[in-house]
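Below is one structure, written out as structure tokens, with a few remarks after it.
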Amino acid sequence: QVQLMESGGGLVQPGGSLRLSCVASSGRSFSIGAMGWYRQAPGKQRELVATITGGSSTNYADSVKGRFSISRGNERNTVYLQMNNLKPEDTAVYYCNAHASDDSTDWAVRNYWGQGTQVTVSS
């Protein structure tokens with residue numbers, strides 16, 4: 001099993017910034033591929049925010065282009081989401097996602113989710 005832990009959420013005023021972090025870990029050796037961030041606001045469906053492949057290609061939802069930036073750490077088990085010029089409509093629980101495999105699953109690739117971190121944008 002691979003565990004994902006998000007951090008960095010909180011309360012921020014409109015126009016402010018936050019940086020979310022996600023760290024993948026396992027008790028075994030593991031391989032991690034694409035990672036991404038999704039969000040879910042109350043009463044709404046979970047939606048894609050940004051993704052980054054193992055080759056560092058990125059993709060963003062139209063609503064966050066020019067404001068958010070996704071990146072990988074030097075240790076590729078870590079992904080960040082830099083969020084600038086935050087808007088009230090960005091308020092949601094943000095979830096880290098990763099495709100990963102280890103020998104506990106005979107190296108089959110599985111999709112993993114973190115437990116989420118709350119981002120609230122309000123004055």
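Here the structure is a predicted model, which means the values were calculated and not measured.
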Ignoring hydrogens, what is the shortest heavy-atom contact between Asn77 and Met35? Give both atom names and the distance. O-CE, 4.1 Å

Do any side-chain atoms of residues 14-26 form donor-acceptor pairs under 3.5 angstrom with protein atoms, and if so which ones, sequence neighbours left out?
unit_1: Ser17; atom_1: OG; unit_2: Asn84; atom_2: OD1; d: 2.9
unit_1: Ser26; atom_1: OG; unit_2: Gln1; atom_2: O; d: 3.0
unit_1: Ser26; atom_1: OG; unit_2: Arg28; atom_2: N; d: 3.1
unit_1: Ser26; atom_1: OG; unit_2: Arg28; atom_2: O; d: 3.4

Calculate, to the nearest 0.5 Å, the distance between atoms OG1 and NZ belonging to Thr58 and Lys65 respectively. 9.5 Å

Within the structure provided, determine whether Glu6 and Trp113 are in side-chain contact (heavy-atom separation under 4.5 Å). no

Going by heavy atoms in the side chains, are Glu47 and Tyr38 under 4.5 Å from each other? no

Return the CZ to CE distance between Phe68 and Met83, rounded to the nearest 0.5 Å. 5.5 Å

Ignoring hydrogens, what is the shortest heavy-atom contact between Tyr112 and Asn97? Give both atom names and the distance. O-ND2, 3.1 Å

Hey, is the main chain of Ser104 close enough, under 3.5 Å, to the side chain of Asp102 for a donor-acceptor pair? yes

Is the charged tip of Arg72 near the ring of Tyr80: under 6.0 Å from the six-membered ring centre and within 45° of its axis? no

Gln115 atom CD, neighbour heavy-atom count above 12 within 6.0 Å: no

Checking Trp37 against Cys96 for the side-chain contact (heavy atoms from CB on, under 4.5 Å) test, could you report, in this order, the C-alpha distance in whole Å, the side-chain angles of both residues, the deciding distance, and whether it holds? CA-CA 5 Å; Trp37 291 94; Cys96 181; 4.1 Å; yes

With the 4.5 Å side-chain cut-off for hydrophobic clustering, are Val119 and Leu4 part of the same group? yes

Enumerate the side-chain hydrogen bond (donor to acceptor under 3.5 Å, both in side chains) contacts for residues 85-94, please, sequence neighbours excluded, ordered by first and then second residue. Arg39-Asp90, Arg39-Tyr94, Arg67-Asp90

Would you say Tyr60 ends up clustered with Val79 if hydrophobic residues are merged whenever their side chains have heavy atoms under 4.5 Å apart, either directly or through other cluster members? yes

Which heavy atom of Ala108 sits nearest to which heavy atom of Ser101, and what is that distance? O-CB, 3.3 Å

Taking the side chain as everything from C-beta on, heavy atoms only, tell me whether Gln13 gets closer than 4.5 Å to Ser122. no

What side-chain donor-acceptor pairs closer than 3.5 Å can you find for residues 48-57, not counting sequence neighbours?
unit_1: Thr53; atom_1: OG1; unit_2: Gly55; atom_2: N; d: 3.2
unit_1: Thr53; atom_1: OG1; unit_2: Ser56; atom_2: N; d: 3.3
unit_1: Thr53; atom_1: OG1; unit_2: Ser57; atom_2: N; d: 3.1

